[in-house]
Amino acid sequence: MSDEDDLEDFEPDQDDFEKEEDEKETEEGEDYRKEGEEFPEEWLPTPLTEDMMKEGLSLLCKTGSGLAHAYVKLEVKERDLTDIYLLRSYIHLRYVDVSENHLTDLSPLNYLTHLLWLKADGNRLRSAQLNELPYLQIASFAYNQITDTEGISHPRLETLNLKGNRIHMVTGLDPQKLISLHTVELRGNQLESTVGINLPKLKNLYLEIKNAGLQT
């Protein structure tokens with residue numbers, strides 16, 4: 001069985017994902033920055049290393065024709081990381097958790113075309129933009145400094161978490177591309193309107209409008 005067949009049959013464990021979010025709901029003030037708090041201007045450069053990879057890799061799975069194996073899960077949270085360039089070489093990764101670091105750039109993830117699940121909460125991201133990832137189904141960018149929703153076009157994306165960012169308007173969520181997206185979390189932003197949220201499969205939408213008198 002090929003990687004593509006394996007990924008197409010994958011159904012994300014949504015319950016585990018949501019359970020983890022619920023457990024953290026009461027601890028967010030401690031685990032992440034408070035609303036309005038600024039990050040320090042500079043952090044010491046801390047790139048992802050091979051040693052960190054060895055510690056964080058798990059879940060050995062078949063790849064390609066089924067004759068080879070690779071670790072497909074990586075957890076490297078709370079490592080003060082400023083650079084994940086090394087991930088460009090780990091193309092078989094399917095589950096990646098880089099939360100609670102100091103990342104400003106996720107572009108190395110563009111090489112992970114088998115990615116199914118991504119968690120990048122609590123970093124210094126100003127954008128959630130990535131190349132189209134064909135199998136990505138769950139993505140969380142909560143508690144960053146993201147100002148817009150441009151560049152999110154993953155065709156199998158089902159759950160998107162942008163809680164606790166700095167988004168004023170929703171733009172770029174193309175209903176013709178985001179045909180599977182059913183859950184969007186936008187609470188803790190600075191939204192002025194629901195304009196721009198027009199998704200064909202949307203079932204769950206969580207948000208707050210700062211001024212109820214504006215168009216919704």
Side-chain angles (χ1 to χ4, degrees), residues 12-14 16-49 51-53 55-58 73-87 90 93-110 112 115-130 133 136-152 154 157-168 170 183-191 204 206-208:
D13 195 338
Q14 188 94 358
D16 286 349
F17 181 82
E18 292 176 351
K19 180 180 179 181
E20 182 179 356
E21 293 301 309
D22 291 342
E23 290 173 349
K24 288 190 175 182
E25 190 74 25
T26 59
E27 301 174 1
E28 287 168 353
E30 299 176 3
D31 293 340
Y32 300 103
R33 65 177 176 83
K34 295 179 181 178
E35 184 176 356
E37 180 181 344
E38 296 292 337
F39 287 100
E41 288 298 319
E42 297 293 338
W43 294 94
L44 291 176
T46 306
L48 181 63
T49 65
D51 286 341
M52 293 180 188
M53 293 294 298
E55 293 177 10
L57 286 170
S58 62
K73 183 177 181 179
L74 175 68
E75 181 181 298
V76 284
K77 60 183 182 181
E78 298 181 325
R79 297 297 189 100
D80 293 330
L81 294 175
T82 59
D83 178 1
I84 55 172
Y85 181 84
L86 187 61
L87 288 187
Y90 288 80
L93 286 173
R94 302 178 189 176
Y95 312 89
V96 172
D97 185 348
V98 292
S99 56
E100 299 174 63
N101 285 294
H102 309 311
L103 299 174
T104 59
D105 178 24
L106 295 181
S107 60
L109 298 178
N110 290 329
L112 308 186
L115 195 62
L116 299 166
W117 185 96
L118 170 63
K119 188 170 185 180
D121 298 354
N123 281 284
R124 301 178 65 192
L125 301 172
R126 294 188 180 276
S127 173
Q129 183 167 357
L130 289 167
L133 297 171
L136 185 63
Q137 297 179 34
I138 296 177
S140 183
F141 306 95
Y143 302 100
N144 279 279
Q145 301 180 47
I146 295 170
T147 58
D148 60 57
T149 53
E150 295 288 339
I152 302 172
H154 318 294
L157 189 64
E158 297 180 357
T159 299
L160 174 63
N161 187 350
L162 289 164
K163 184 176 183 177
N165 281 283
R166 301 177 180 179
I167 300 168
H168 289 270
V170 175
T183 299
V184 177
E185 169 64 86
L186 284 164
R187 284 175 292 191
N189 282 280
Q190 299 163 8
L191 288 174
N204 307 302
Y206 306 99
L207 53 73
E208 302 158 352

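Both backbone and side-chain heavy atoms feed into the values below; hydrogens, waters and symmetry mates do not.
Here the CG-CG distance, from Leu116 to Leu93, works out to 10.5 Å after rounding to the nearest 0.5 Å. Rounded to the nearest 0.5 Å, atoms CD (Glu158) and CD (Gln137) are 5.0 Å apart. Atom NZ of Lys163 and atom OH of Tyr143 lie 4.0 Å apart (nearest 0.5 Å). How far CG of Leu118 is from OH of Tyr95: 13.5 Å, rounded to the nearest 0.5 Å. The structure places CD1 of Ile84 at 7.5 Å from OG of Ser107, a figure rounded to the nearest 0.5 Å. Residue Met53 holds its CE atom at 11.5 Å from CD of Glu55, rounded to the nearest 0.5 Å.
Considering Thr149, Thr147, Ile167, Leu207 as possible partners of Asn189, the one that fulfils the side chain to side chain contact (heavy atoms under 4.5 Å, CB included) test is Ile167. A side chain to side chain contact (heavy atoms under 4.5 Å, CB included) with Leu162 is found for exactly one of Ile146, Val170, Asp148, namely Ile146.
Side-chain N or O atoms of Thr82 include one that pairs as donor or acceptor with a backbone N or O of Thr46 at under 3.5 Å. In this structure, His154 contributes its side chain and Leu133 its backbone to a donor-acceptor pair below 3.5 Å. Listed for the Asn144 side chain is a donor-acceptor partner under 3.5 Å among the backbone atoms of Asn123. Using a distance-only test at 3.5 Å, with no hydrogens or angles considered, no donor-acceptor pair links the side chain of Asn110 to the main chain of Leu130. Between the side chain of Asn161 and the main chain of Asp121, no donor-acceptor pair closer than 3.5 Å is present.
Looking at Ser99 and Asp97, their side chains do bring a donor and an acceptor atom within 3.5 Å of each other.
Taking Tyr85 as the reference, Asp83, Arg88 meet the side chain to side chain contact (heavy atoms under 4.5 Å, CB included) condition, with sequence neighbours excluded. Residues passing the side chain to side chain contact (heavy atoms under 4.5 Å, CB included) test with Ser127 are Gln129, sequence neighbours excluded.
The shortest heavy-atom contact between Thr183 and Tyr206 is CG2-CE1, 4.1 Å. The two residues Asp80 and His102 make their nearest non-hydrogen contact at OD1-NE2, 3.1 Å. When all heavy atoms of Leu112 and Tyr90 are compared, the closest pair comes out as CD2-O, 2.9 Å.
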Practice task
Quick one: do Phe141 and Leu106 satisfy side-chain contact (heavy atoms from CB on, under 4.5 Å)? Show the steps, please.
Solution key: CA-CA 11 Å; Phe141 306 95; Leu106 295 181; 3.8 Å; yes
Problem - Check against side-chain contact (heavy atoms from CB on, under 4.5 Å), Met52 and Leu86 - result: CA-CA 10 Å; Met52 293 180 188; Leu86 187 61; over 6 Å; no
Exercise for the section: Evaluate the side-chain contact (heavy atoms from CB on, under 4.5 Å) criterion for residues Arg126 and Thr104: first the C-alpha distance (whole Å), next the side-chain angles of each, then the deciding distance (0.1 Å), finally the verdict. Expected result: CA-CA 7 Å; Arg126 294 188 180 276; Thr104 59; over 6 Å; no
Handout entry: Verdict with reasoning, Leu74 to Leu87, per side-chain contact (heavy atoms from CB on, under 4.5 Å)
Key = CA-CA 10 Å; Leu74 175 68; Leu87 288 187; 3.4 Å; yes
